[in-house]
Structures are given as structure tokens and as C-alpha cells.
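Report on the structure given below.
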Amino acid sequence: MNIHMTSSGKKLITVIPGDGIGPECIDSALRLIEATGAPVEWEVREAGASVFKKGLETGVPPETIESISKTRVVLKGPLETPVGYGEKSANVTLRKLFETYGNIRPVREMPGVPTPYSGRGIDLVVVRENVEDLYAGIEHMQTPGVAQCLKLISRKGCEKVVRLAFEFARAEGRTKVHCATKSNIMKFTEGMLKRTFEAIAPEYPDIEAAHIIVDNCAHQLVKRPEQFDVIVTTNMNGDILSDLTSALIGGLGFAPSANIGNEVAIFEAVHGSAPKYAGKNVINPTAVILSAVMMLRHIGEFEAAALIENAIIVTLEEGKVRTGDVVGYDRGNTTSEYTDEIIRNLGRKPTQTFVRDYKPIRLPEVSPDPVTVRPNIRRVVGVDIFVESELLPEPLGHLLESLAEDSALKLKMISNRGTKVYPPTGAITDVVDHYRCRFVARDAGTELTDAQIMELLQRVASRVRWMHLEKLQEFDGEMGFTKAQGED
Ligand code: NAP
């Protein structure tokens, strides 16, 4: 990664103060970094609510994109998507624009921050895939009453985030990586992460690797969080699990994060803009400061990072100055008093708290080739046509059978929200007007052509409203599609 150096030999960082409590938190972090004397310079840029309100739909103006493309390192406050402006979150836009594929979210027990888990030594990291999954944002209303969101997971995306998790574990001297998925239900999408994890884990024999079903992971995190070290997971799972893990150690005020890409890295707290506290100088800036600590390590400023981390821990160990989220807002110190106290403690070392020895992370090598998996044989064996119909399954089935008569394909089954409803199974299904109609080659074993599929589609469309079509493919003899519940 190339860091941009200024003419005075300093490392240039893009700073986005953000919305709500963002500017207060960022101000604390910048004051602290400046107090360490680290050779860094800021380029302050806008994104979020103010930008949406000026009418820019993405919430991220060209000057900000230009700055990030140059500096490749960002420290940012939380961004809001104000109701009524724009459709997409500026945060997600930034993560995707710069392909920050991995989101690292560490939490550890903080001295002087009492929680039901105090004394159990929680010290774990969620590594969340950051650009794929349901957050690809591909949603369609399939009928006026049925919505769909595509869950896209790639082998390449899984490989990058899995390698990042193992490399991160190594850099921090951690010994265990869990992979948390829902592969028992979503065999292809969530299963992709599990299979990739199992394929890559042997390359890291020094690290213990285990798979865990994500719902059990949530359960275990609440029951015995100290058993976890690093958890790698898909985007949505990671979003939820990492809010849970931040609550284990005293809340969002203590949860930092790093969005890591091979070109650009963006450092920010897990929390949002907490609008009710904005401008009151009462919130806890620790999460943003710890995000800045991660940033300093990322740019090779290990000494400044250690100075700040140690000073935060000393401040919390002594507990003379504490924020309202820890002791109650009627008794808490202000954000600036807390920051001043950390600055006073720069240079001191914690007496009771373990301090980790950090090394640089070796980022995964990523091929620029868009195709990473090529089958030897690919065969089209059928098609799913998704239709909107007010008919009940049986009359719809008879209609489709008659429409497909003498064509290259025959109707195999119809499902409603994943459950087979035709031919009848005896199951009671409360159907909606959205059916998946599965057609397969009339002569089993023959390869279907696009012309045959289009001809069938024309026949179906002559009588039924369709909105989506999905080819059924086999790759190297393996079915590239799942069966409906009840389908044989
Ligand atoms: P939030 O801003 O994270 O706040 C939720 C609650 O967490 C607060 O009310 C407060 O709890 C606590 N909290 C958060 N940060 C804190 C801090 N630094 N110090 C002390 N307590 C803190 O979540 P939200 O209210 O759901 O979201 C508000 C806005 O932020 C939304 O527009 C959302 O889209 C956006 N957001 C942005 C990001 C991002 O930029 N990465 C992330 C999440 C949300 P108490 O009320 O219990 O005191």
C-alpha cells in the first residue's frame, strides 16, 4: 500500500468528521494524534448528511473521492442518510467504491468499565466481509406484494476476507479463528464462506480453525465469549454479531473498526451519529480514538499507536475521568475533559492490563482477474421462471403444462416462497401471488439451448405475467441450484 507523503515528509490522511457526534469524536482523536507528534497531516473532506442536503444523491462528493484516491487512508466519523435524501448509505458507498472488502471489529474488556462480563477477559475480533452479501443492495419488488433481495457471495470475496482474518490473527499473535455461517440453510451462499475457510485454513497450521453455525455463535458469545479469538463471517452476520460483541465490553463507545482494502483503508467507530448527543460534548470518543490507533498501525506508526492505546487504558484503570456512558450522564465528565486526561497520560503504561504486541498485517494477494473459478464442463439443464399469478397452484400447474406441451422443456414443479406446491404434496402452504416454476429438459441428459428457453418463455408469457428467469446449470456435474422444500 502506497501512503501519500506531503512535501514536508508527513503521511497524508483524509479526515471526514461526519454527522451528529462525529466531529466531537474526530476532534478528540486528532488532538491525541497531534499530541504524540506522529508525522501525519490531515486533508479534511465532507460526506454524509450535509452532502445529501446539497442534493448529491451519493452523499460522497468528488473532492472526497479524489482525496481518498490520493491518500488511500481515511479516518471518518459516522455518516447519516437523512430521511428523504438519497437512497444509498454514504458509508456503504465509500466501502464499495474503494473495495474495502474486510471490516475488522475488535472488542476487549476495558478496565474500569463494569459489565456483567467483567473479569472474564473478553478479547476478540469480528472480521466481517464488507462489500457483498445482502448489502450488495440488489433489491426488487417482484410483485406489488413480494420483495426480493439478492444475496451475492463470491469465491473471490470469501477468499480475501478469510485470508485477511488469518493474516490479522497472525499479526496480533492470536491463535484461533472461527468461521460463523448459516451454511446449514444457505448451502451455496453461506456455504461458500465455509468451504473457502476450510480450503484455506490448512495454509495456517499455527492457527486453530473451527466452523460454527452463526446462531450458535450468537448464543455462545453471550454465554461464554472468552472462548473466541477471531470470528470471520459474512456481511450481515458480521453486522449483527459485532454490535452484540460491542455490548459485551461496555457498549458502542468502546468499539473501533477498520475497513480494509488492498488499495484503501477506512477507519471508523462501529457506532453511528447518535444524534441525541450531538454537540453536547458528553459522548465517549474512545471508539473513534481506538479506530485512529488502528489507522496509525496501518500506516506503520506503531509507537504513536501504543502511546495512545496505553494512555486510554491508564485513564480507564485510574477512573478519575469517565464519560457518561460508563458512569451515567448526570455524573460523567465531558468528552473534552476525558480527551485532555488521555493526553495527560501519554507516555504512561498500564499496570494491570495486558498490552498486545502488534505487527504489520500482510494483506492478501488478490488477482485482478475477475474470474477465479472456471469449470471444465458447464451444462444448462433447466430454467426457473418466476411468475406473478392469482391462480392457485393446481390450475397454474395445468396451464403451464399445457403451454409447455411439445416444447423442449417440461414443468417439473412449482414452489411458493421455496416450498413445493405443485404437483400437490399434501402440505398446507399459505400461497402468495409469486411462484417459481421449474422447467427441465424433456429428454433428461440433453443440454438446453438459449433458443429453447426463450421459446418456452414466450409461451409462458402469452398467458402468465413473469418477472424473473434463472437458468439451472450444472458445473462439472454438480447441481448449481438448490431444490425446493419437498422437491425430489
Ligand atoms: P448509534 O448512532 O450508534 O447510537 C445508538 C446508541 O448507542 C446511542 O443512542 C447511545 O446509546 C450509544 N452510543 C453510540 N455511540 C456512542 C458513543 N460514542 N458514546 C456513548 N454512547 C454511544 O445508532 P443509531 O441511533 O441507530 O444511528 C444513528 C444514525 O447513525 C443513523 O442515521 C444511522 O444510519 C447512522 N449510522 C452510521 C454508521 C456509520 O457511519 N458507520 C453506523 C451506524 C449507524 P444510549 O442511547 O443508550 O446512550
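Each ligand, and each atom within it, is numbered from 1 in the order the structure gives.
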Salt bridge flag under 4.0 Å for residues [X] and [Y]:
X: Lys70; Y: Glu43; result: yes
X: Lys194; Y: Glu190; result: no
X: Glu24; Y: Lys280; result: no
X: Lys156; Y: Asp369; result: no
X: Arg31; Y: Glu34; result: no
X: Arg95; Y: Glu268; result: yes
X: Arg120; Y: Glu109; result: no
X: Glu66; Y: Arg45; result: no

In the complex you have, is [atom] within reach of the protein, judged by whether a heavy-atom distance drops under 4.0 Å?
atom: atom 7 (O) of ligand 1; value: yes
atom: atom 48 (O) of ligand 1; value: yes
atom: atom 39 (C) of ligand 1; value: yes
atom: atom 43 (C) of ligand 1; value: yes
atom: atom 27 (O) of ligand 1; value: no
atom: atom 30 (O) of ligand 1; value: yes
atom: atom 12 (C) of ligand 1; value: no

Part of [X] with heavy atoms under 4.0 Å of ligand 1, whether side chain, backbone, both or neither:
X: Phe254; answer: neither
X: Asn91; answer: side chain
X: Ile21; answer: side chain

Are Ser28 and Tyr338 close enough that a side-chain donor and a side-chain acceptor fall under 3.5 Å?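 No, no side-chain donor-acceptor contact under 3.5 Å.
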Decide salt bridge (charged side-chain N to carboxylate O under 4.0 Å, His left out) for Glu172 and Arg297; before the verdict, give the C-alpha distance in whole Å, the side-chain angles of both, and the deciding distance to 0.1 Å. CA-CA 11 Å; Glu172 294 215 340; Arg297 292 201 176 101; 5.5 Å; no
Contact between Thr286 and ligand 1, counting heavy atoms under 4.0 Å?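 No heavy atom of Thr286 comes that close to ligand 1.
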Any heavy atom of Ser273 sitting closer than 4.0 Å to ligand 1?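 The answer is yes: ligand 1 sits under 4.0 Å from a heavy atom of Ser273.
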Atom 2 (O) of ligand 1 [closest protein heavy-atom partner, distance rounded to 0.1 Å]: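 Ranking protein heavy atoms by distance from atom 2 (O) of ligand 1, first comes Ala274 N, 2.7 Å.
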Of all the non-hydrogen atoms in the protein, which one sits nearest to atom 32 (O) of ligand 1, and at what distance?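 Protein heavy atom with the smallest distance to atom 32 (O) of ligand 1: Glu80 CG, 3.3 Å.
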4.5 Å side-chain heavy-atom contact, Tyr135 and Asp239: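 In contact.
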Looking only at distances, can you tell me whether any N or O atom of Gly272, backbone or side chain, sits closer than 3.5 Å to an N or O atom of ligand 1?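 By distance alone, the answer is yes.
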With nothing but distance in play, are any N or O atoms of Leu79 less than 3.5 Å from an N or O of ligand 1?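 Yes.
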Which atoms of ligand 1 have any heavy atom of Lys76 under 4.0 Å away?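 Numbered from 1, ligand 1 contributes 40 (O).
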By number and element, which atoms of ligand 1 are closer than 4.0 Å to a non-hydrogen atom of Pro78?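 Going through ligand 1 atom by atom, the ones under 4.0 Å from Pro78 are 39 (C), 40 (O).
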